[in-house]
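Below is one structure, written out as structure tokens, with a few remarks after it.
From a predicted model like this one, the values you see are computed outputs, not experimental measurements. Atoms within each ligand, like the ligands themselves, are counted from 1 in listed order.
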Amino acid sequence: MAATAFQHATGTLLSHGYFINYGFQLENGKQSLRLISNGFRVNIGILRTGSYRSSGRKCIVAQASSSQFSVLNQASSPSNDTTIDSSKKSKEAALILIRHGESLWNEKNLFTGCVDVPLTTKGVEEAIEAGKRISNIPIDVIHTSALIRAQMTAMLAMTQHRRKKVPIIMHNESEQAKSWSQIFSEETNKQCIPVVTAWQLNERMYGELQGLNKQETADRYGKEQVHEWRRSYDIPPPNGESLEMCAQRAVAYFKEHIEPQLLSGKNVMIAAHGNSLRSIIMYLDKLTSEEVISLELSTGIPMLYISQEGKFIRRGSPAGPSEAGVYAYTKV
Ligand SMILES: O=C(O)[C@@H](CO)OP(=O)(O)O
């Protein structure tokens with residue numbers, strides 16, 4: 001069966017148990033599919049028999065394959081690529097969320113909250129692995145919490161990035177710090193990615209549980225009580241923050257500082273924590289306080305959203321650049 005020519009379409013692609021809901025381009029002669037987004041282009045490899053829909057039409061793709069998975073920068077894309085030009089106009093942007101890699105207290109199973117604990121070797125490796133998964137997605141701005149485990153994760157992930165831009169922490173805490181960290185070369189500036197650190201993205205403050213062992217606390221207070229402290233929406237742990245309280249500052253920060261950047265077409269990465277990210281995901285995915293209870297985030301796995309005209313479209317976890325197929329997918 002021949003692959004059907006279909007150029008510059010937007011729709012849903014079904015293949016291998018995944019669906020991709022995005023603009024894509026099928027090149028009949030070359031038997032490859034391209035997923036096109038803001039400023040970058042992905043050739044989707046090894047796409048076997050499947051079907052896709054677009055504009056109400058269902059089409060069959062047979063054995064479309066390519067051995068390469070590659071992304072071209074907008075800068076290196078042909079200027080007559082109208083799809084990329086039009087997606088730029090609509091100010092789409094990528095939003096990457098990443099929970100920090102394993103910390104020394106994750107390893108010891110201790111409540112951590114706002115205690116500033118660094119990564120383990122495994123956490124370092126997770127951050128590097130995460131960086132590989134997003135190495136093809138251009139990033140314009142990085143936001144991290146004020147805690148070192150999130151900052152280490154962001155920095156280590158960026159060591160893997162294809163563009164080799166240098167992430168630079170912004171020091172705006174005082175006029176002197178700002179002035180003493182200025183860069184005087186426009187050229188160098190272009191090769192930097194600003195990293196904004198914000199306490200509002202910190203892990204939720206775990207109150208009097210900070211430093212306690214999770215298992216021992218469950219043995220002492222009961223599994224249900226500890227689950228309520230850890231996962232309920234509005235019940236805070238003793239003298240700590242509930243998820244609701246954490247959401248108030250994390251989502252407010254997101255709305256005030258990150259959403260305007262996405263709306264202006266900037267690709268943003270946020271490196272933060274289990275609960276600050278759960279509260280942001282609750283906002284992005286419009287989850288209810290019931291639904292957020294069962295939302296768990298793994299350490300060091302990046303999640304991709306596309307921001308489009310004020311809406312957030314969840315794309316799942318980018319696959320590594322060597323993995324054929326998708327940089328963004330959701331299991332059906
Ligand atoms: O200890 C913490 O700070 C958090 C994240 O590791 O734990 P929990 O999974 O209980 O929210």
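A distance-only check finds a donor-acceptor pair linking the side chain of Asn202 to the backbone of Ala146 [under 3.5 Å]. A distance-only check finds a donor-acceptor pair linking the side chain of His161 to the backbone of Ile137 [under 3.5 Å]. Under a 3.5 Å cut-off, the side chain of Arg204 and the backbone N or O of Glu241 do form a donor-acceptor pair. With hydrogens and angles disregarded, no donor-acceptor distance shorter than 3.5 Å links the side chain of Gln151 to the backbone of Thr144. The main-chain N or O of Thr188 is never found under 3.5 Å from a side-chain atom of Gln191 such that the two would form a donor-acceptor pair.
Counting heavy atoms only, Thr112 comes closest to atom 1 (O) of ligand 1 of the residues Leu297, Thr112, Leu147.
In terms of protein heavy-atom proximity, atom 3 (O) of ligand 1 is closest to Gly113 N, 2.7 Å. Among all protein heavy atoms, the one lying closest to atom 10 (O) of ligand 1 is Arg230 NE, 2.6 Å. Shortest contact from atom 9 (O) of ligand 1 to any protein heavy atom: Arg231 NH2, 2.8 Å. For atom 5 (C) of ligand 1, the closest heavy atom belonging to the protein is Glu203 OE2, 3.3 Å. Counting protein heavy atoms only, atom 7 (O) of ligand 1 is closest to Lys214 NZ, 2.9 Å. If you check which protein heavy atom lies closest to atom 8 (P) of ligand 1, you get Tyr206 OH, 3.4 Å.
Summarising the geometry, atom CG belonging to Leu297 is positioned 4.5 Å from atom CE belonging to Met303; distances are rounded to the nearest 0.5 Å.
Within 6.0 Å of atom CD in Glu290, 12 or fewer heavy atoms from other residues, nucleotides or ligands are found, so the atom counts as exposed in its surroundings. Counted within 6.0 Å of CD on Glu224, heavy atoms from surrounding residues, nucleotides or ligands total 12 or fewer; the atom is thus considered open.
Not one N or O of Arg204 is nearer than 3.5 Å to an N or O of ligand 1, by distance alone.
If you number the atoms of ligand 1 from 1 as listed, the ones under 4.0 Å from a heavy atom of Asn106 come out as 6 (O). Close approach of ligand 1 to Asn275 is summarised as follows: ligand atoms under 4.0 Å from at least one heavy atom of the residue are 11 (O).
Using a 4.0 Å cutoff on heavy atoms, Arg99 counts as a contact of ligand 1. At least one heavy atom of Leu110 sits under 4.0 Å from some atom of ligand 1.
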